[in-house]
Amino acid sequence: MNMILIAMIITTTLSLILATVSFWLPQMTPDAEKLSPYECGFDPLGTARLPFSLRFFLIAILFLLFDLEIALLLPLPWGNQALTPTTTLLWAAAVLALLTLGLIYEWLQGGLEWAE
C-alpha cells in the first residue's frame with residue numbers, strides 16, 4: 001500500500017512539473033505560416049485548381065497499408081505465451097513474408113518512384 005502511494009505521488013508530481021514546463025517553455029512567436037489555416041504548403045487564398053501529384057497519394061496509401069499491416073504484429077509477444085508458440089511464429093512469418101512480397105511487387109512495378 002505504501003509503495004502504491006509513493007508511485008502515485010511521484011507520477012502526479014512529475015506530471016505537474018512537465019505540464020508546467022511545457023506551458024512556460026515554448027516561445028510564442030507565431031509567423032504567417034503558423035497563423036494560416038492550412039499548413040500544407042499551399043496558399044489558402046489562391047486558386048483551388050492546382051494539380052496534385054497522383055504519385056504522392058499512391059505512396060501515402062502504400063505507407064498506410066504497410067503501417068496497418070505491421071500493426072497486426074503488435075500482439076506477437078502475447079501470442080508467444082500460447083500453448084503452441086510455433087503456430088504464432090508461423091503466422092507472424094507469413095504476415096512478414098506477405099509484406100515483403102508486396103514491397104517487392106511495388107518496387108518492381110515502379111510504385112515507389114517519387115519522380116519519373
Side-chain angles (χ1 to χ4, degrees):
M1 180 70 178
N2 196 15
M3 192 65 154
I4 294 174
L5 182 64
I6 291 173
M8 289 184 65
I9 290 173
I10 290 174
T11 55
T12 304
T13 306
L14 186 61
S15 299
L16 289 173
I17 290 172
L18 289 175
T20 305
V21 167
S22 70
F23 181 74
W24 292 107
L25 190 62
Q27 297 179 7
M28 301 295 183
T29 55
D31 56 354
E33 290 293 324
K34 288 184 181 179
L35 291 176
S36 69
Y38 303 104
E39 293 182 0
C40 61
F42 296 109
D43 183 20
L45 302 176
T47 179
R49 303 288 181 216
L50 294 175
F52 287 105
S53 172
L54 185 62
R55 182 87 49 192
F56 171 77
F57 290 111
L58 289 176
I59 289 179
I61 289 172
L62 187 67
F63 170 76
L64 287 175
L65 176 72
F66 281 105
D67 195 34
L68 291 175
E69 298 245 351
I70 289 296
L72 292 174
L73 296 175
L74 288 177
L76 187 61
W78 291 280
N80 283 337
Q81 305 297 326
L83 296 175
T84 58
T86 55
T87 307
T88 305
L89 292 176
L90 285 174
W91 280 109
V95 168
L96 285 175
L98 185 65
L99 285 175
T100 304
L101 289 174
L103 180 64
I104 291 171
Y105 176 76
E106 285 294 326
W107 194 325
L108 293 177
Q109 293 295 319
L112 298 177
E113 297 293 328
W114 187 260
E116 296 177 8

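- Ile61 belongs to no multi-residue hydrophobic cluster, having no ILVMFWY side-chain contact under 4.5 Å with any other such residue.
- Summarising the geometry, atom CD1 belonging to Ile10 is positioned 10.0 Å from atom CG belonging to Leu5; distances are rounded to the nearest 0.5 Å.
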Would you mind writing out the side-chain donor-acceptor pairs for residues 89-108 within the sub-3.5 Å range, not counting sequence neighbours?
from   : atom 1 : to    : atom 2 : distance (Å)
Thr100 : OG1    : Leu96 : O      : 2.7

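- Ile17 pairs by the side-chain contact (heavy atoms from CB on, under 4.5 Å) definition with Thr13, Val21, not counting sequence neighbours.
- Grouping Ile, Leu, Val, Met, Phe, Trp and Tyr residues whose side-chain heavy atoms lie under 4.5 Å apart, directly or via other members, places Trp24 in a hydrophobic cluster with Phe23.
- Other residues sharing a hydrophobic cluster with Met3 under the 4.5 Å side-chain heavy-atom criterion for ILVMFWY residues do not exist; the residue is a singleton.
- Every residue two or more places apart in sequence or in another chain that forms a side-chain contact (heavy atoms from CB on, under 4.5 Å) with Leu16 is listed here: Thr12.
- Atom CG of Leu18 sits in a crowded spot, with more than 12 heavy atoms from other residues, nucleotides or ligands closer than 6.0 Å.
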